[in-house]
Participant: 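First the structure, which I've put down as structure tokens, then a few questions once you've had a look.
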Amino acid sequence: MKELFLPPELSCEIGEIYESMATAYDAVAQDISLTCTGCPDNCCDSYFLHYTYSEWAYLWEGIRALDDERLDRIMRRARDYVTQSRLLIARGERPQIMCPLNEEGLCSLYTHRLMICRTHGVPATLTRPDGQHLRFPGCFRCQELVSSTHAQETDAPAMERTVLYRRLAQLESRFLGDRRGQLPKVKLTIAEMIVGGPPKTTTNRD
């Protein structure tokens with residue numbers, strides 16, 4: 001099995017896409033006065049699945065920079081997360097377990113956190129490749145703010161995700177090249193990406 005490394009130019013480009021996401025997110029959050037300060041919830045226990053090899057490889061760029069002690073702690077939590085989440089899913093329950101990267105309420109790989117982690121919270125819109133237009137209401141705190149200030153949820157400003165997602169999809173295609181149709185599709189939690197190791201030309205998800 002051969003590990004898939006992000007070329008430096010693609011790693012920089014993912015960083016640029018993430019910066020664009022942060023700018024768009026912050027603009028909407030400011031418009032609706034949304035802040036995470038004092039929130040009783042922590043979205044890091046949300047059951048998020050991730051779908052790109054390029055983000056998986058980018059995550060591992062951050063993991064490799066961790067010292068051994070922190071990496072050992074994260075790896076133990078990741079293994080526990082995988083075990084617990086699979087038991088819950090087998091019982092027909094949606095897992096709500098703290099992400100193994102969360103330490104003392106904060107992401108220990110904040111600069112390498114993935115797309116879904118970065119866009120969750122504010123209202124957002126997305127046009128799918130088939131033309132279907134979707135709107136997401138945001139987190140519970142966001143929905144409370146919007147309901148108190150707007151007659152309709154759709155009146156509130158929203159982060160447009162379509163162009164950002166399209167840029168990431170195009171980067172993914174360039175990253176995988178001819179391998180794109182040969183590799184299994186990614187549908188993994190961060191914990192599974194950690195336990196499984198960095199992405200490889202042949203992956204073992206068990």
Side-chain angles (χ1 to χ4, degrees), residues 1-21 43-66 71 74-75 77-90 94-102 107-120 124 126-130 132 134 136 161-206:
M1 295 184 291
K2 183 179 178 181
E3 185 173 337
L4 296 174
F5 289 95
L6 273 174
E9 65 274 15
L10 292 188
S11 180
C12 289
E13 189 171 338
I14 282 188
E16 291 169 0
I17 293 171
Y18 285 163
E19 284 295 323
S20 297
M21 289 179 180
C43 61
C44 293
D45 67 4
S46 301
Y47 185 68
F48 290 145
L49 293 169
H50 308 272
Y51 299 91
T52 64
Y53 281 94
S54 51
E55 286 197 292
W56 187 356
Y58 190 76
L59 178 72
W60 264 91
E61 285 187 3
I63 291 173
R64 288 191 187 91
L66 296 171
L71 179 57
I74 289 173
M75 191 64 72
R77 290 198 298 266
R79 293 191 186 102
D80 289 343
Y81 184 108
V82 171
T83 299
Q84 293 176 44
S85 63
R86 289 180 178 177
L87 288 173
L88 290 169
I89 290 170
R94 185 177 179 85
Q96 188 174 8
I97 309 168
M98 188 59 66
C99 175
L101 293 178
N102 187 287
C107 179
S108 56
L109 280 184
Y110 190 79
T111 58
H112 284 77
R113 69 196 192 283
L114 306 187
M115 173 186 66
I116 296 175
C117 305
R118 294 171 183 268
T119 57
H120 177 72
L126 173 68
T127 301
R128 298 191 337 180
D130 61 6
Q132 183 179 357
L134 305 176
F136 307 95
R161 295 180 180 176
T162 307
V163 173
L164 297 168
Y165 281 26
R166 188 178 296 134
R167 287 175 62 190
L168 189 59
Q170 290 168 349
L171 186 148
E172 177 82 347
S173 294
R174 284 158 40 215
F175 177 49
L176 296 180
D178 295 338
R179 296 183 294 253
R180 187 176 181 88
Q182 302 169 8
L183 294 171
K185 290 186 177 180
V186 175
K187 189 177 180 182
L188 300 171
T189 63
I190 282 178
E192 289 170 325
M193 288 179 168
I194 295 170
V195 171
K200 301 176 181 65
T201 51
T202 302
T203 58
N204 182 356
R205 301 182 186 182
D206 300 319

Participant: Sequence neighbours left out, what passes side-chain hydrogen bond (donor to acceptor under 3.5 Å, both in side chains) with R94? Give chain and number order.
Facilitator: none
Participant: Is the CG atom of D178 crowded by more than 12 outside heavy atoms at less than 6.0 Å?
Facilitator: no
Participant: Students often mix this up, so state it plainly: with edges at 30° and 60°, are the rings of H50 and F48 parallel, tilted or perpendicular?
Facilitator: perpendicular
Participant: Under the 3.5 angstrom rule, does the side chain of E192 hit a backbone N or O of V82 as a donor-acceptor pair?
Facilitator: no
Participant: What's the spacing between L168 CG and I17 CD1 if we round to 0.5 Å?
Facilitator: 5.0 Å
Participant: Measure the shortest side-chain to side-chain distance between I14 and S54 over non-hydrogen atoms and say whether it is less than 4.5 angstrom.
Facilitator: yes
Participant: Can you tell me how far apart OG1 (T189) and OH (Y81) are? Round to the nearest 0.5 Å.
Facilitator: 5.0 Å
Participant: Is there a donor-acceptor pair under 3.5 Å between the side chain of R174 and the backbone N or O of L10?
Facilitator: no
Participant: Do E55 side-chain atoms and M115 backbone N/O form a donor-acceptor pair below 3.5 Å?
Facilitator: yes
Participant: Output yes when a side-chain donor or acceptor of Q96 lies under 3.5 Å from a complementary backbone atom of D45, and no otherwise.
Facilitator: no
Participant: Looking at residues at least two apart in the chain, or sitting in another chain, which of them share a side-chain contact (heavy atoms from CB on, under 4.5 Å) with L88?
Facilitator: R91, E93, P95, I97
Participant: Can you check whether R118's main-chain N or O pairs, donor with acceptor, with R113's side chain at less than 3.5 Å?
Facilitator: no
Participant: Count the heavy atoms belonging to other residues, nucleotides or ligands that lie under 6.0 Å from OH of Y110, then report whether that count exceeds 12.
Facilitator: no
Participant: Would you find a donor on one side and an acceptor on the other, under 3.5 Å apart, between the side chain of W60 and the backbone of M193?
Facilitator: yes
Participant: Can you sort out the partners of R179 under side-chain hydrogen bond (donor to acceptor under 3.5 Å, both in side chains), two or more places apart, ordered by chain and number?
Facilitator: none
Participant: Please check: side-chain N/O of S11 versus main-chain N/O of L6, any donor-acceptor pairing under 3.5 Å?
Facilitator: no
